[in-house]
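In what follows, a single structure is set out as structure tokens and then discussed.
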Amino acid sequence: MTSEPIIEAHSLTKRFTVKKKTVEAVTDLTFQVERGALVAFLGPNGAGKSTSLRMLTTLMPPTSGTARVVGHDILKQPAAVRSSIGYVGQLTSGSFAQRVRDELLSQGAFYGMSAAASRTRADELIESLDLAPFATRSVQQLSGGQKRRLDIALGLMHAPPLLFLDEPSTGLDPQSRANLWQHILDLRTEHGTTVFLTTHYLEEADRYAERVMVMDKGRVIADDTATRLKSHLAGDLLTLSFATTADADAAIAVVQTLTDREVARDGQASVTLTAPDGDALLPAAVRALDAAGLRVDRATGVPPTLDDVFLALTGRTLREAGEGEPSDEHQDENTQPAAAAEKTGVQR
Amino acid sequence: MSATETDTAVKSTPTRDTWNVLRRELKPVIRDPFTLIFSLVQPLVFLGLFAPLLVGSSGRPVGETLQWFVPGVLVMIVLFGTGAVGSNLQYEMMTGSHERTLVAPLSRSSLLVGRALKEIAPIVVQALIIVLIAWPFGFTIHAPGLVIGLALLAVFGIGLGSLSYSLALATKDREWLFWGVQQTLIFPLLILSGMLLPLDEGPGWMRAVAVVNPINWVVQAERMLFAGDLGSVTVLWGWVAALALAAVGLWVGIRSMRRSS
Ligand SMILES: Nc1ncnc2c1ncn2[C@@H]1O[C@H](COP(=O)(O)OP(=O)(O)OP(=O)(O)O)[C@@H](O)[C@H]1O
Ligand SMILES: [Mg+2]
């Protein structure tokens with residue numbers, strides 16, 4: 001049984017005119033997503049991720065191009081598209097004047113759920129997203145991360161065949177992030193939901209997404225599995241430190257026999273290399289060095305970040321790419337510490 | 001297999017959607033009814049400070065003055081309260097929750113009509129409170145006139161609220177523009193409706209403008225209704241004005257909501 005793709009975008013283009021200047025937010029976006037896939041859309045601030053999602057969710061008509069979402073044309077059958085998708089926007093979904101539980105119940109009603117089903121589902125989500133202490137508070141009184149958890153709960157109230165999430169994990173602590181992902185994975189197992197999300201975190205895309213699309217300046221510049229993107233374009237940064245510079249020099253030759261990537265001296269008495277599959281290479285290198293009589297003092301392996309992949313793709317770092325985008329700076333800053341948190345978090 | 005998910009798809013019907021939007025809009029009001037009372041401060045100030053001035057200048061008894069003044073205050077509550085509700089929507093547009101409801105399978109019209117209908121609740125509650133406060137001071141209540149008067153006020157509010165929402169949808173994230181337009185319109189409309197001071201003594205051009213100001217017609221009709229004069233032609237004209245405003249407001253509002261993104 002073959003089925004048509006759940007998303008088919010053909011040359012979607014969106015231009016804005018701001019102060020008589022044209023901004024090419026999205027240019028010629030063409031792609032397909034198969035049913036049941038989990039696709040991550042990566043890119044720096046202003047890349048055009050949200051604009052792409054807005055077009056696909058019928059929030060904004062494309063300047064040109066077409067798309068079919070869950071079998072319906074976004075321009076000709078917007079109501080049909082809306083009734084088969086779920087969406088968590090980048091901003092706050094809950095109305096500031098409303099109470100948390102009330103918003104969840106309203107959302108259930110909007111999606112045609114019975115009052116009883118809405119209550120059950122709302123209480124389930126309140127429980128599992130740790131919203132219980134705030135259930136009767138107004139949205140205005142929630143912290144940023146608590147608001148985000150409510151946004152996610154709202155997006156998960158009904159079980160649509162296709163769920164769009166615009167930076168769902170931004171502003172969440174590691175625990176809440178793990179929680180969010182558990183929900184997304186549960187939805188997929190229980191309902192076969194197709195998930196299309198944007199993120200700034202490669203680790204997240206890496207861990208969960210089957211497919212990663214990298215966007216820059218309105219264009220998709222890479223579309224592959226996270227593993228292949230990383231191994232082709234970046235790699236884990238391995239650092240081995242020794243007691244003396246002489247040991248470090250000697251170590252270069254030993255480590256070089258294990259990889260075709262360039263091994264280099266870094267700083268005083270350490271060597272570094274960037275390699276795919278660093279997790280396996282690191283212990284192998286330590287063993288080989290031990291055997292050669294070179295004692296490794298410290299060994300670290302840092303997985304590549306979106307920044308590394310992006311740098312390899314464009315020759316620019318994300319920070320440079322994000323320049324001229326005065327708002328949202330914090331999102332870039334989040335990338336590094338959050339990446340570290342993700343590594344240490346206890347997750348499945 | 002055809003990819004169309006008829007089993008999971010939600011069928012959207014305007015009536016049910018409107019009901020759901022209305023229910024959602026009423027929740028904050030029900031959760032926090034005191035906000036309704038706090039927003040009565042302004043009309044109460046007018047009642048407490050303006051009415052004595054009117055009594056003083058006209059030399060008529062308090063009861064008679066209130067009979068003339070209170071219906072105007074009720075219309076003023078709608079003008080200031082309901083005329084400003086667009087700012088709530090504007091806030092939701094900026095914070096993101098409007099976007100969420102736009103992606104939900106709700107008919108566009110329900111997003112406007114549900115909101116406009118919600119205005120009935122605060123209007124009726126606030127008007128009743130004002131009437132009850134004025135009562136001990138000699139304001140006479142004619143039950144049928146009161147009921148019809150409140151209904152007229154509600155229809156007027158639906159129209160004005162829809163227009164306020166339309167203004168919010170048109171001005172998008174430019175709050176200053178919303179308030180600028182709103183204030184520029186509201187004060188002339190207020191004064192040229194004979195709500196606070198009779199226009200009989202005003203210059204000819206003012207009276208001419210008042211004739212085409214639908215709010216003036218509503219105020220006049222409310223005065224007749226609260227005096228118990230239900231059969232007056234003025235009442236009929238008040239209804240024509242309020243219904244016309246509601247029709248125009250809803251039409252403009254639904255159109256704006258359809259174009260909202
Ligand atoms: N409503 C709008 N009017 C004018 N320009 C816009 C509008 N929305 C987006 N843009 C511009 O389009 C470009 C793409 O914006 P978009 O919001 O899609 O980026 P993004 O990839 O989601 O970024 P972020 O990671 O910061 O959320 C940016 O240059 C932005 O300034
Ligand atoms: Mg975005």
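So you know, we letter chains A, B, ... as the sequences are listed, proteins then strands, and number each from 1.
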Hey, which of A:V139, A:I85, A:L91 has the most heavy atom pairs under 4.5 Å with chain B? A:L91

Just to verify, what does A:R148 make a salt bridge (charged side-chain N to carboxylate O under 4.0 Å, His left out) with, not counting sequence neighbours?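 With sequence neighbours excluded, A:R148 shows a salt bridge (charged side-chain N to carboxylate O under 4.0 Å, His left out) to A:D151, given in chain and number order.
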
Nearest 0.5 Å, what's the [atom1]-[atom2] distance between [X] and [Y]?
X      : Y      : atom1 : atom2 : result
A:R82  : B:R108 : CZ    : CZ    : 3.5 Å
A:F110 : B:L111 : CZ    : CG    : 7.5 Å
A:S95  : B:K27  : OG    : NZ    : 11.5 Å
B:I30  : A:D102 : CD1   : CG    : 9.0 Å
A:S106 : B:L26  : OG    : CG    : 10.5 Å
B:L102 : A:T58  : CG    : OG1   : 8.0 Å

Which atoms of B:T35 come close to chain A, meaning under 4.5 Å heavy atom to heavy atom: side chain ones, backbone ones, both, or neither? neither

Proximal component of B:R23, with respect to chain A [non-hydrogen, under 4.5 Å]: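 The side chain, not the backbone.
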
Tell me, side chain or backbone of A:R68 under 4.5 Å from chain B's heavy atoms, or both, or neither?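 No part of A:R68 comes within 4.5 Å of chain B.
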
Checking heavy atoms, do the side chain of A:Q77, its backbone, both or neither come under 4.5 Å from chain B? neither

So, applying side-chain contact (heavy atoms from CB on, under 4.5 Å) with B:V103, which one of A:V88, A:L59, A:V81 is it?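 Passing option: A:L59.
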
Suppose the criterion is ring-ring contact (aromatic ring centres under 6.0 Å, His included): which pairs have a residue in residues 150-175 of chain B, not counting sequence neighbours?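 Every candidate ring-ring contact (aromatic ring centres under 6.0 Å, His included) pair involving residues 150-175 of chain B fails, so no pair, neighbours aside, qualifies.
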
Taking non-hydrogen atoms and a cut-off under 4.5 angstrom, which of residues 81-92 of chain B neighbour chain A? B:Y91, B:E92

Output yes when a side-chain donor or acceptor of B:R100 lies under 3.5 Å from a complementary backbone atom of A:S93, and no otherwise.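 Flag set: sc B:R100 to bb A:S93 pair under 3.5 Å.
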
Check ion pair A:E103-B:R24 (N to O, under 4.0 angstrom): yes

Any side-chain heavy atom of A:R99 within less than 4.5 Å of one from B:R31?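 Yes, side chains in contact.
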
Atom pairs and distances, donor-acceptor, side-chain atoms in residues 121-131 of chain B, under 3.5 Å, two or more places apart:
unit_1, atom_1, unit_2, atom_2, d
B:Q126, NE2, B:L36, O, 2.8
B:Q126, NE2, B:S39, OG, 2.8

